[in-house]
Protein chains: 2
Amino acid sequence: MTAKKITSWSIGDLAREFDVTTRTIRFYEDEGLLQPERRGQTRVYSAADRTALKLILRGKRLGFSLAESRQLIQMYNPDANRAQLEALLGKIHERRAQLVQQLRDIEVMQLELDEAEQRCLECLK
Amino acid sequence: MTAKKITSWSIGDLAREFDVTTRTIRFYEDEGLLQPERRGQTRVYSAADRTALKLILRGKRLGFSLAESRQLIQMYNPDANRAQLEALLGKIHERRAQLVQQLRDIEVMQLELDEAEQRCLECLK
DNA sequence: GGAGAAGTTTACGTTAACGTAAACTAGCGG
DNA sequence: CCGCTAGTTTACGTTAACGTAAACTTCTCC
């Protein structure tokens with residue numbers, strides 16, 4: 001028996017899985033970040049939508065704005081002409097530079113947390 | 001001749017150094033994140049204020065709220081009683097956990113950027 | 001002593017990212 | 001048939017983090 005692969009989700013499914021409200025998911029659609037289909041009135045989300053949502057939330061954890069996440073999502077789509085692709089490459093490098101900076105920031109902050117912890121423990125002795 | 005070490009800054013100094021507006025710096029003071037002294041009317045910032053500002057801005061790059069940065073700043077101050085210190089240790093661990101998550105997010109995102117770049121380059125060939 | 005330049009206070013304005021509430025519809029089990 | 005659950009639209013509200021503008025003082029430089 002081969003496991004069935006789920007290929008579509010309701011708004012509630014996604015809300016539960018990623019621990020966000022349905023309002024949030026609809027908001028992202030308003031902003032053009034998600035494009036669910038409709039079965040009647042009801043939204044039906046594809047694997048692509050689910051991936052996009054994952055991207056958005058990961059972006060949020062790193063302090064990205066929705067505008068920035070929008071670009072990240074675009075990087076997943078190969079539907080672009082030459083000029084757009086080259087612009088995309090630019091954005092990719094920008095993002096990468098930002099990530100490198102964030103890595104540095106995290107390293108420094110980790111060291112500082114270590115020191116802060118030491119000071120705390122010293123005081124408690 | 002030994003180099004003089006600067007120990008105080010004007011609001012303009014800090015604004016220039018960290019590329020923020022003076023409005024922003026005063027706002028942080030309103031929020032209790034900075035505590036400059038006064039020479040008459042004029043604010044005079046100490047090394048501690050400068051460090052705090054650095055913390056805030058690094059926090060911002062990682063998506064921290066000012067409330068979170070406020071806690072980070074507190075971690076630099078050893079002026080606390082036992083209960084506060086233990087609470088502080090808790091916050092330190094929370095922050096560390098968040099940083100670890102961010103590190104994971106960054107790694108994944110870097111890989112995805114690599115892939116996105118490959119796809120871009122493929123399309124351009 | 002007049003004109004900048006840099007500082008100050010006060011206060012209203014703005015944007016992003018949703019929250020919250022109301023009022024409605026559609027399917028489903030008992 | 002009825003009530004429940006999950007979904008929908010519309011619209012106003014809210015919070016964080018400053019921006020922006022006005023009106024004022026203080027210092028310095030020529």
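If you're wondering where the values come from, they're calculated on a predicted model, not measured in any experiment. Any value given below was found using the heavy atoms of this structure, including those in side chains, with hydrogens, waters and symmetry copies removed. Below, chain A is the first sequence line, B the second, and so on; all start at residue 1.
- The pair B/R16-B/D19 does not count as a salt bridge, with every side-chain nitrogen at least 4.0 angstrom from each carboxylate oxygen.
- Atom pair B/E29:CD and D/dC18:C1' shows a separation of 15 Å (rounding to whole Å applied).
- Looking at every heavy atom in both residues, A/E112 comes nearest to B/L55 through OE1-CD2, 3.5 Å.
- Here the P atom of nucleotide D/dC18 and the CG atom of B/L53 are 11 Å apart, to the nearest Å.
- In this entry the distance linking CZ of A/R70 with P of C/dA16 reads 10 Å, nearest Å.
- One can place CD of B/E31 at 8 Å from C1' of D/dA16, the figure rounded to the nearest angstrom.
- With rounding to the nearest 0.5 Å, the separation of CG in A/L103 from CG in B/L103 is 6.0 Å.
- At D/dA17, none of the side-chain N or O atoms of B/K60 fall inside 4.0 Å of OP1 or OP2 (strictly under the cut-off).
- In this structure, CZ of A/R39 is placed 13 Å from C1' of C/dG27, rounded to the nearest angstrom.
- At whole-Å resolution of the value, CZ in B/F27 and P in D/dA16 are 9 Å apart.
- Within the 4.0 Å cut-off from OP1 or OP2 of D/dA17, not a single side-chain nitrogen or oxygen of B/Y28 is found.
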Atom pairs, N/O to N/O, protein against nucleotides 4-11 of chain D, distance under 3.5 Å?
unit_1	atom_1	unit_2	atom_2	d
D/dG7	OP1	A/S10	OG	3.1
D/dG7	OP1	A/G12	N	3.2
D/dT8	OP1	A/R43	N	2.7
D/dT8	OP1	A/R43	NE	2.9
D/dT8	OP2	A/R26	NE	3.2
D/dT8	OP2	A/R26	NH2	2.9
D/dT9	OP1	A/R38	NH1	3.3
D/dT9	OP1	A/R38	NH2	3.3
D/dT9	OP2	A/R43	NH2	2.1

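- In this structure, A/W9 CH2 and A/L14 CG are separated by 7.5 Å, a value rounded to the nearest 0.5 Å.
- Interatomic distance, A/I106 CD1 to B/I106 CD1, rounded to the nearest 0.5 Å: 4.0 Å.
- If you measure from atom CD1 of A/I25 to atom C1' of C/dG19, you get 15 Å, rounded to the nearest angstrom.
- Between B/D19 atom CG and D/dC18 atom P the separation is 13 Å, expressed in whole Å.
- Note on A/R119 versus A/E122: no salt bridge recorded, every NZ/NE/NH1/NH2 to OD/OE distance being 4.0 Å or above.
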